[in-house]
Amino acid sequence: MLKSVRHKQSFNATDDQGHSHKLHVFVDIIDASTRDDPHAEEEGLKSIRTGDGSAVNYLEKGKYQIVSTGQMLSSNDPNAL
């Protein structure tokens, strides 16, 4: 069961015109409680969003696409997925 969504990290990406975009990675936190550990949780699916909340598709490490516009982004940030 989904427990919460947490911000995991951020990194910078650049579009074709050289404009910088801050991308934010969020992770679903899943309830993994047991009798021995009733507060256990695990990370689930990750999602990427722009600073204004637009969904971003992960294409491959360092390559992304903003869903609503189709705009391609790239990143060589060491924190990039």
Side-chain angles (χ1 to χ4, degrees):
M1 174 167 62
L2 181 63
K3 193 172 180 180
S4 65
V5 177
R6 289 191 190 142
H7 181 265
K8 183 162 178 94
Q9 68 187 70
S10 298
F11 59 93
N12 292 314
T14 308
D15 63 26
D16 294 340
Q17 286 78 39
H19 298 109
S20 182
H21 298 262
K22 182 73 113 183
L23 299 182
H24 303 279
V25 179
F26 295 90
V27 64
D28 291 346
I29 303 301
I30 298 169
D31 181 1
S33 59
T34 65
R35 186 179 303 211
D36 294 332
D37 187 358
H39 302 291
E41 52 190 33
E42 293 184 9
E43 289 188 358
L45 294 176
K46 292 179 184 172
S47 61
I48 305 172
R49 298 211 168 259
T50 62
D52 67 2
S54 296
V56 175
N57 280 335
Y58 170 88
L59 303 175
E60 62 183 59
K61 182 162 177 63
K63 303 286 183 198
Y64 315 92
Q65 183 178 33
I66 299 175
V67 173
S68 61
T69 64
Q71 186 174 35
M72 301 300 291
L73 304 173
S74 61
S75 178
N76 58 5
D77 187 307
N79 292 321
L81 297 181

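Between Tyr64 atom OH and Leu59 atom CG the span is 9.0 Å, to the nearest 0.5 Å. Between the CD1 atom in Ile66 and the CD1 atom in Ile48 there is a gap of 11.0 Å [rounded to 0.5 Å]. Tyr58 OH to Gln65 CD: the interatomic distance, rounded to the nearest 0.5 Å, is 14.5 Å. The line from CG of Asp28 to CD of Glu41 is 12.0 Å long, rounded to the nearest 0.5 Å.
Remark: His39 NE2 is loosely packed, at most 12 non-hydrogen atoms of other residues, nucleotides or ligands lying under 6.0 Å away. The local environment of CG in Asn76 is sparse, with at most 12 non-hydrogen atoms from other residues, nucleotides or ligands closer than 6.0 Å.
Taking every heavy atom of both residues into account, Ala13 and Leu23 meet most closely at CB-CD1, 3.7 Å. Pairing each heavy atom of Lys63 with each of Ser74, the nearest pair is NZ-CB, 4.1 Å. Across Ala55 and Arg49, no two heavy atoms sit closer than the pair N-NH1, 3.3 Å. Here the closest non-hydrogen pair linking Ile30 and Gly44 is CD1-CA, 3.6 Å. Summarising the geometry of Val25 relative to Phe11, their closest heavy-atom pair is CG2-CE2, 3.7 Å, with the distance given to 0.1 Å.
A donor-acceptor pair under 3.5 Å links the side-chain atoms of Ser75 to the main chain of Asn12, judged by distance alone.
Using the six-membered ring where Trp is involved, Phe26 and His7 have ring planes that are perpendicular, over 60° apart on the 30 and 60° scheme.
Leu81 and Val27 fall into different hydrophobic clusters, where Ile, Leu, Val, Met, Phe, Trp and Tyr side chains are chained together by heavy-atom contacts under 4.5 Å.
Side-chain polar atoms of Ser33 and Asp31 form a donor-acceptor pair below 3.5 angstrom.
Counting heavy atoms from C-beta outward, Gln9 and Lys46 have side chains that stay 4.5 Å or more apart. You'll find the side chain of Val56 stays beyond 4.5 Å of the side chain of His21, heavy atoms only. Using a 4.5 Å heavy-atom cutoff, the side chains of Lys8 and Arg6 are not in contact.
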Worksheet item: Going through the distances and angles, do Asp52 and Thr50 end up as a side-chain hydrogen bond (donor to acceptor under 3.5 Å, both in side chains)?
Response: CA-CA 5 Å; Asp52 67 2; Thr50 62; 2.4 Å; yes
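Take Glu42 and apply the salt bridge (charged side-chain N to carboxylate O under 4.0 Å, His left out) test, not counting sequence neighbours, and it matches no residue.
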